[in-house]
Novice: 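Following this message is one structure expressed as structure tokens.
Quick note on labels: first sequence line is chain A, next is B, and so on, each numbered from 1. Excluded from the calculations below are hydrogen atoms, water molecules and symmetry mates; all remaining heavy atoms, backbone and side chain alike, are included.
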Amino acid sequence: MPSELSPTFDPAAIERDVYARWVEAGIFHAEADSSNRLGGSRTPFTIVIPPPNVTAVLHMGHGLNSTVQDVIVRWRRMSGDEALWVPGTDHAGIATQNVIERQLADEGRNRADLGRAAFVERTRSFVNETGGVILEQLRAIGCSCDWTRTAYTFSPELSRGVREAFVRLHEAGLIYRGHRVIHWCLRCLTSLSDEEAEHAEETGTLYHIRYPLADQSDRSVVVATTRPETMLGDVAVAVHPDDERYSAVVGHDLLLPIANVRIPVIADEYVDREFGTGAVKITPAHDPNDFELGLRHALPMPVIMAPDGTMSEGDDASGRVPPELRGLDRLIARQRIVDRLRERGALARSESHQHGVRHCYRCDTVVEPRLSDQWFVRMKPLAEPALAGVRNGRVRILPERWEAVYINWLEGIRDWNISRQLWWGHRIPVWYCGACGDAPIVSRTDIAECPECGGPVRQDDDVLDTWFSSWLWPISTLGWPDEAATDLRAFYPTDVLVTAPEILFFWVSRMIMAGYFFMGDAPFHTVYLHGTVRDMEHVKMSKSLGNGIDPLDVVALYGADALRYTVIAGLGMGTDVMLDPGNLEQSFGPGRNFATKLWNMGRFLLSNVGDAEVPLLADLDQAKLTRADEWILNRLDSAIHRCDAALGPSHPAAGTWSDAELRVGLRLMEFTEEARRFTWDELAAWYLESTKPRLSAGGDDAGVARAVLVHVFDAALRMLHPVVPFITETLWQRLPGRPPGAGMFLARAAWPRPRATGAASGHARASEFELVRESVSAVRQIKADYGIPLGKSVDAVLVARDGAARTLEEERALIGHLARAQVRTATEVPSGAAAHAVLTDGSEVIVPLAGTIDVEKECHKLRTELAQLETQLAALRQRLDNHGFVSRAPAHVVEAERAKSTEWGARRDQLAGKVRALCGS
RNA sequence: GGGCGAAUAGCUCAGCUGGUUAGAGCGCCUGCCUUACACGCAGGAUGUCGGGGGUUCGAGUCCCUCUUCGCCCACCA
């Protein structure tokens, strides 16, 4: 066939079509009825995608994340599981709202100009028109998602789940409204959870400010602060109760400069005597610690800053903010206040100071602690089962070290602020009745009037944190809160969750909590945390830094398979993937080369086998298999074993992970390398090459070679398919016995299995092929040593260890072909100069090189080898002579060492004899 | 400040409960257009396994210590 196949593979020519045929054939669709949880015959295997933001476009991080999931899902699908990969997107509250607000800003407007309803409508239509682009892009890299189940966190179905979750938690007493200091983003004008306010070390200034005693202005207490503007909200100065420096002033009043209010000096153990001056200004409304302290001491909590970060007199702050400071941004006000303090001599000193500052994870603005009313989820009760689940092996986290991080975090978990002062998101299902009072009415359905008094009600203005919908993702996408939903029963709990460690707390741990709380079980048994895509300087790839690589560019230039191969082959467990944005060829060339290699193996096979059907391996007369056949079938079995060991087990056999299972599997890099190594280094380099003379000779043996060739190549394509699905599918469909249109797909073909054990005779014959390989390598090396072109034929003589001729015809033919040599028997050993190589079994390969032999060189080579062997042998024998070793080492180790010693001894004698004969002495 | 981890070939990493002569990919050097493939083939070089100590018959592997990196969390103003 196919001379019509070009020597290089053109991915662009086939990818789109192959993908379309997969979808058309329903390859990616999972049937709930097939799940054995619903009486079907297949084990379900489910992955839910970490939903990308609905406005996202594909970047390398998605490429990595999605490829990992696809490899796993395709592996399980081929292994016979009812494999489901649920795709979808996240409405991404703050992120999406920010996109629209930027649009409005470009138009010279803001969200207030539009009003809430119009803003939400605009966002919704923007999402409808442009959202979900990334889902299209996932198809371009071959993701085998079940598109019939595409979900969206803000869809009516999932929104129902969100509301149900809120109500149930509220009924359980786990949701409450709290008046406390939270993180406030001045730019997004919303509160943030602790996780959304990211720490960063910064150098600021620590100001030491003198607060005079109210009744004794020549005495004062000096406080230290990094945020002097907050002093307007001070209500006390706190010192440690045992701090003798201040014991005299505790209970006295100070006169707060600028604001000119009297504030007391109080004692509290919270204060660290060592830090600063040992006296802390207390601003309950603008600092979380001060807030706690304010509660303990029943202090007032004046708010001196507006939501946008300008100075203003809020609750309880009347008269505190001087008119000339009102309306100023806090940082400008800070400078003014410092200036004024300095003028009055109230600034004792200022010094540079390293401290942690929190930033909004969405816009990087420095967040302000701010006193406000928010909704919170009580996390301790939710965290307990989530903690137990990981501790008892119901859930494992890979790589293992993240488990300690997870546990550490959950043990110290704090309540979750879930209300956001945004417009884009799930509105909090709480209403207030103006007539009955403040009691919130929590409802599953929208209400128009008060159920008590029939009066008008007003819905809470806030929306829920985006993660309040994401944490339901594994259950909501499968139909929850309808607990009888078919998908939920068929596919929950899911299996593996694949994501980056950055969202372990945001998302993963909360999903585990939600799974236990709402469904009574963990949402998955394995969390696979992969690394980050970085450039060659180890800087995280990002669009804004300009060091990104567009996966679609890579697909266009190198093909989707090359992209997938590159990220998987470069991905150690938990390690980062380094790619070079400045040199795509270096990064993706190897992947493309591998695809080309496969392509050419396919070309060879197809042109030598043709379209004619070949017998199945099992139908062959096993006695007709050659040593090469046995060898490659053996190597295939070994490769399958290794691939399976790298990938599995797919789930814990007993429901929870046993110690033996806990840390194994999902070694995608090792799996890929093993499949590649087998295909390239064994199948292509040795077996395929060895079949050439047999195929051209024709006859029965050519038929055997064809059958084995097809069998092994088929198996290799199966193993490689999860990583490089497009090219393997294309080649597989062209193999003999797969008529076009028969609806056969590699994507649904069975995962290869090793032959039944017991082929012991085959094993012996296979190991004889290893000697062929050694002989070939020996001849090639001699040729390279003497500068003889590989293509130039030489004579070669094989001599067994006992001096007898090795006369096996198959062996001689193979070596002759693979090493380009005329292989002769020992009786024909020429008397002239020759190059020698001693093989591991003590047998020899001799290449007569009359006239060109360099005896010096040859002797040097042999002597070096001999010396090396003797050193090693001596060390080995010393170990064996050692008492402790023989008595304490495990028997099999001792046995192996003894066998080795015998083998090396024989080889040493062989070599030594060679040296004597050739070099004298 | 609390918790966790890493240091093995030029680069990225394997090396499981201590036991063959420490491996792979990429890169590098030499030679080859050998009728599937130069996106290829053949051959080759490269590591006192971060330093020091200890346990052991035996340590890259276990323990201690030092050095250097990294990650997560955190309310010393």
Novice: Give A:E274 one of three labels, base, sugar-phosphate or nothing, depending on what nucleic acid heavy atoms sit under 4.0 Å from its own.
Specialist: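 Nothing: the residue A:E274, judged by heavy atoms under 4.0 Å, touches no strand.
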
Novice: If we take the P atom in both B:G18 and B:C62, what is their distance in whole Å?
Specialist: 8 Å

Novice: Which nucleotide in the list B:U34, B:C39, B:C75 gets nearest to the side chain of A:R820?
Specialist: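 Side chain of A:R820 sits closest to B:U34.
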
Novice: For A:E689, answer base if it contacts any base atom (sugar-phosphate contacts may also be present), sugar-phosphate if it contacts only those atoms, and nothing otherwise; contact means non-hydrogen atoms under 4.0 Å.
Specialist: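 It contacts base atoms.
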
Novice: Please measure how far the C1' atom in B:G47 lies from the corresponding atom in B:U12, and state the result in whole Å.
Specialist: 16 Å

Novice: Picking from B:C71, B:G5, B:C41, which would you name as closest to the side chain of A:L790?
Specialist: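 That would be B:C41.
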
Novice: Is the phosphate of B:A14, meaning OP1 or OP2, less than 4.0 Å from a side-chain N or O of A:R642?
Specialist: no

Novice: Check this one for me: any side-chain N or O of A:N600 less than 4.0 Å away from OP1 or OP2 of B:C39?
Specialist: no

Novice: Between B:C75 and A:R358, is there an OP1 or OP2 to side-chain N/O distance shorter than 4.0 Å?
Specialist: yes

Novice: Whole angstroms only, please: what is the CE-C1' distance between A:M601 and B:U35?
Specialist: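 In whole Å, B:U35 C1' lies 18 Å from A:M601 CE.
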
Novice: With a 4.0 Å cutoff (strictly under), does any side-chain N or O of A:K540 reach OP1 or OP2 of B:G70?
Specialist: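 A:K540 to B:G70 OP1/OP2: no side-chain N or O under 4.0 Å.
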
Novice: Please find out if less than 6.0 Å separates the ring center of A:F678 from that of A:H641.
Specialist: no

Novice: To the nearest Å, give me how far apart CZ (A:R592) and C1' (B:G40) are.
Specialist: 12 Å

Novice: With a 4.0 Å cut-off on heavy atoms, is A:A684 in touch with a base, just the backbone sugar-phosphate, or nothing at all?
Specialist: base

Novice: OP1 or OP2 of B:C75 less than 4.0 angstrom from a side-chain nitrogen or oxygen of A:R414, does that happen here?
Specialist: yes

Novice: Which nucleotide, B:C76, B:C73, B:C39, lies nearest any side-chain atom of A:F275?
Specialist: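 In terms of side-chain proximity for A:F275, the closest of B:C76, B:C73, B:C39 is B:C76.
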
Novice: Side-chain N or O of A:H538 versus OP1/OP2 of B:U12: is the shortest distance under 4.0 Å?
Specialist: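 For B:U12, OP1 or OP2 has a side-chain N or O of A:H538 closer than 4.0 Å.
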
Novice: Taking atom C1' in both B:C76 and B:G25, what distance in whole Å separates the two?
Specialist: 49 Å

Novice: Phosphate oxygens OP1/OP2 of B:G58: is one of them under 4.0 Å from a side-chain N or O of A:R879?
Specialist: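 Looking at the OP1 and OP2 atoms of B:G58, neither is under 4.0 Å from any side-chain N or O of A:R879.
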
Novice: Side-chain N or O of A:W680 less than 4.0 angstrom from OP1 or OP2 on B:C41?
Specialist: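 Answer is yes, contact under 4.0 Å.
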
Novice: Between A:K783 and B:G31, does any side-chain N or O lie under 4.0 Å from OP1 or OP2?
Specialist: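 No, no such contact exists.
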
Novice: Could you state the atom-to-atom distance from CZ of A:R780 to P of B:A42 in whole Å?
Specialist: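 One finds 6 Å between P of B:A42 and CZ of A:R780, rounded.
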
Novice: Around atom CD of A:E274, are there more than 12 heavy atoms from other residues, nucleotides or ligands closer than 6.0 Å?
Specialist: no

Novice: In whole angstrom, what separates A:E201's CD from B:C72's P?
Specialist: 13 Å

Novice: Tell me which nucleotide among B:A77, B:A24, B:C57 gets nearest to the side chain of A:E673.
Specialist: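 Of B:A77, B:A24, B:C57, B:A24 is nearest to the side chain of A:E673.
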
Novice: Any side-chain N or O of A:Q781 less than 4.0 Å from the OP1 or OP2 oxygen of B:G44?
Specialist: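 Indeed, a polar side-chain atom of A:Q781 lies that close.
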
Novice: Please work out if A:R663 contacts a base, only the sugar-phosphate, or nothing of the nucleic acid, heavy-atom cut-off 4.0 Å.
Specialist: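 No contact.
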
Novice: Between B:C26, B:A77, B:C71, which one does the side chain of A:P590 approach most closely?
Specialist: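 Among the listed nucleotides, the one closest to the side chain of A:P590 is B:C26.
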
Novice: Sticking with atom P, work out how far B:C41 lies from B:C16, rounded to a whole angstrom.
Specialist: 31 Å

Novice: Take atom C1' in B:C11 and the same atom in B:C63, then report the distance between them in whole Å.
Specialist: 32 Å

Novice: When you check the phosphate oxygens OP1 and OP2 of B:U21, does a side-chain N or O of A:K900 lie under 4.0 Å from one of them?
Specialist: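 Result: yes.
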
Novice: I need the single residue from A:R358, A:R414, A:R510 that forms a salt bridge (Lys or Arg N to Asp or Glu O under 4.0 Å) with A:E195. Which is it?
Specialist: A:R510

